[in-house]
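Input: a single structure, listed below in structure tokens.
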Amino acid sequence: MPIAQDILLEIKGCNQPLNTAVDCVRRKYLKSLSDQIKKPVIIYAANFNKITSGISREDIHSFMSMCYGINKEKKEVCIVLHTPGGETNAIESIVKYIRTQFDNIDVIVPMFAYSAGTMWCCACNRIYMGKNSFLGPIDPQMPFVNNNGQIDFYPAQAIIDQFETAKKECAENRNNAFAWQFILQQYAPSKITECKNAVNRSIILVKEWLTKYQNIPPKKAADIAKWLGQHNKHKDHGRPLCIEELNKKGFSIIPLEKNQQLQDATLSLYHAIDYTFQIAPSTSKIIENTAGVYIIK
């Protein structure tokens with residue numbers, strides 16, 4: 001099994017500048033993975049240390065570029081996904097687009113596919129994960145502008161619960177209204193409704209995708225989607241959900257460990273991706289395919 005140090009030594013042994021060498025090594029293992037699974041591969045990988053690494057609406061244009069030039073005779077593709085998540089609107093747009101291009105989509109999660117990344121996995125036909133791979137809750141995070149003019153994100157369900165607590169305490173004792181007004185004044189009149197809509201929408205999308213693309217019965221798909229969206233259950237938006245826990249809830253995720261060659265090819269590619277971010281730390285995303293098209297942001 002490859003280890004990160006082996007890939008680093010290979011990069012350093014290329015007798016090229018490191019930023020060029022890491023690209024060559026990454027593309028070598030991208031081709032190796034494609035040869036192993038006998039279908040084209042698209043990488044969507046994010047640098048978790050960059051604020052701008054989230055899935056965004058501009059990524060739909062990147063995926064249009066990625067799909068162009070791929071041999072789509074069989075209408076199938078594999079996506080290697082590593083992301084902290086992003087916008088629900090963005091992932092819905094991406095899913096709608098790639099589903100017009102491919103009938104059969106595999107997704108491999110070498111390490112993390114959180115939040116909207118988890119939603120993306122639910123829109124694929126098969127999910128591959130290893131023992132050290134994780135999905136995460138899909139509870140939406142709502143943007144708020146803080147006192148410094150920067151945007152902070154808070155769980156939509158937590159905002160709803162806070163508002164309900166305020167209503168209850170103010171109804172029980174009017175004197176509580178003074179304490180709550182400083183907290184609640186940050187919410188625009190429509191914010192609670194927006195939070196409720198966001199929670200419901202993410203659950204509805206995941207239920208729809210699991211039913212349509214993974215053939216999970218509607219009742220079970222609804223239960224899975226509700227469980228993924230329960231902030232009160234998971235307590236933390238970044239809680240890692242492993243393959244064993246996900247399969248117990250009704251997924252049918254395929255362990256990478258069942259195929260040693262597939263696991264080796266996946267981990268080699270992941271290590272090369274990770275070293276790309278280390279060697280070029282200003283890079284926020286790598287979007288690349290086996291047809292030689294790439295977008296490094």
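Since the structure is predicted, the reported quantities are computational estimates derived from the model, not experimental observations.
Looking only at side-chain heavy atoms (C-beta outward), Leu246 and Met129 come within less than 4.5 Å of each other. In this structure the side chain of Ile98 never reaches within 4.5 angstrom of the side chain of Val77, judged on heavy atoms. Looking at heavy atoms from C-beta onward, Tyr294 lies out of side-chain contact with Ser65 at the 4.5 angstrom threshold.
Residues Glu169 and Asn173 have side chains that never bring a donor and an acceptor to within less than 3.5 angstrom of each other. Checking Asn176 against Glu172 by side-chain atom types alone, no donor-acceptor pair falls below 3.5 Å. There is a side-chain donor-acceptor pair under 3.5 Å between Glu194 and Ser190.
Between His82 and Tyr44, the ring center distance fails the sub-6.0 Å criterion.
Taking a 6.0 Å sphere around NZ of Lys297, one finds it holds more than 12 heavy atoms contributed by other residues, nucleotides or ligands. Shown here is Glu245, whose CD atom has more than 12 heavy atoms of other residues, nucleotides or ligands within 6.0 Å. The number of heavy atoms from other shown groups lying within 6.0 Å of NZ (Lys75) is above 12.
Leu269 and Ile295 fall into different hydrophobic clusters, where Ile, Leu, Val, Met, Phe, Trp and Tyr side chains are chained together by heavy-atom contacts under 4.5 Å.
By the ring-ring contact (aromatic ring centres under 6.0 Å, His included) test, Phe102 is found to be paired with no residue, residues two or more places apart in sequence or in another chain being considered. A search for side chain to side chain donor-acceptor pair (under 3.5 Å) contacts involving His231 returns Asp139, not counting sequence neighbours. Residues that satisfy the salt bridge (Lys or Arg N to Asp or Glu O under 4.0 Å) test with Asp274, not counting sequence neighbours, are absent from this structure. For the side-chain contact (heavy atoms from CB on, under 4.5 Å) test, residues two or more places apart in sequence or in another chain that qualify with His271 are Ala4, Ile7, Leu267.
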Side chains of residues 203-217: which donor-acceptor pairs under 3.5 Å do they make with residues two or more places apart or in other chains?
{"unit_1": "Thr211", "atom_1": "OG1", "unit_2": "Lys207", "atom_2": "O", "d": "2.9"}
{"unit_1": "Gln214", "atom_1": "NE2", "unit_2": "Cys121", "atom_2": "O", "d": "3.2"}
{"unit_1": "Gln214", "atom_1": "NE2", "unit_2": "Cys124", "atom_2": "O", "d": "3.0"}

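Using the six-membered ring where Trp is involved, Phe134 and Phe112 have ring planes that are parallel, under 30° apart on the 30 and 60° scheme.
Salt-bridge formation is not detected for the pair Lys226/Asp223: no Lys NZ or Arg NE/NH1/NH2 atom is positioned less than 4.0 Å from an Asp or Glu carboxylate oxygen.
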Apply salt bridge (charged side-chain N to carboxylate O under 4.0 Å, His left out) to the pair Asp23 and Lys28, showing each step before the final yes or no. CA-CA 9 Å; Asp23 286 343; Lys28 168 189 168 182; over 6 Å; no

Check against salt bridge (charged side-chain N to carboxylate O under 4.0 Å, His left out), Glu164 and Lys168: CA-CA 6 Å; Glu164 293 301 320; Lys168 179 181 178 182; over 6 Å; no

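Counting only distance, with no hydrogens or angles, the side chain of Ser133 and the backbone of Gly130 share a donor-acceptor pair below 3.5 Å.
Applying the salt bridge (Lys or Arg N to Asp or Glu O under 4.0 Å) definition to pairs two or more places apart or across chains, those involving residues 123-137 are Asp106-Arg126.
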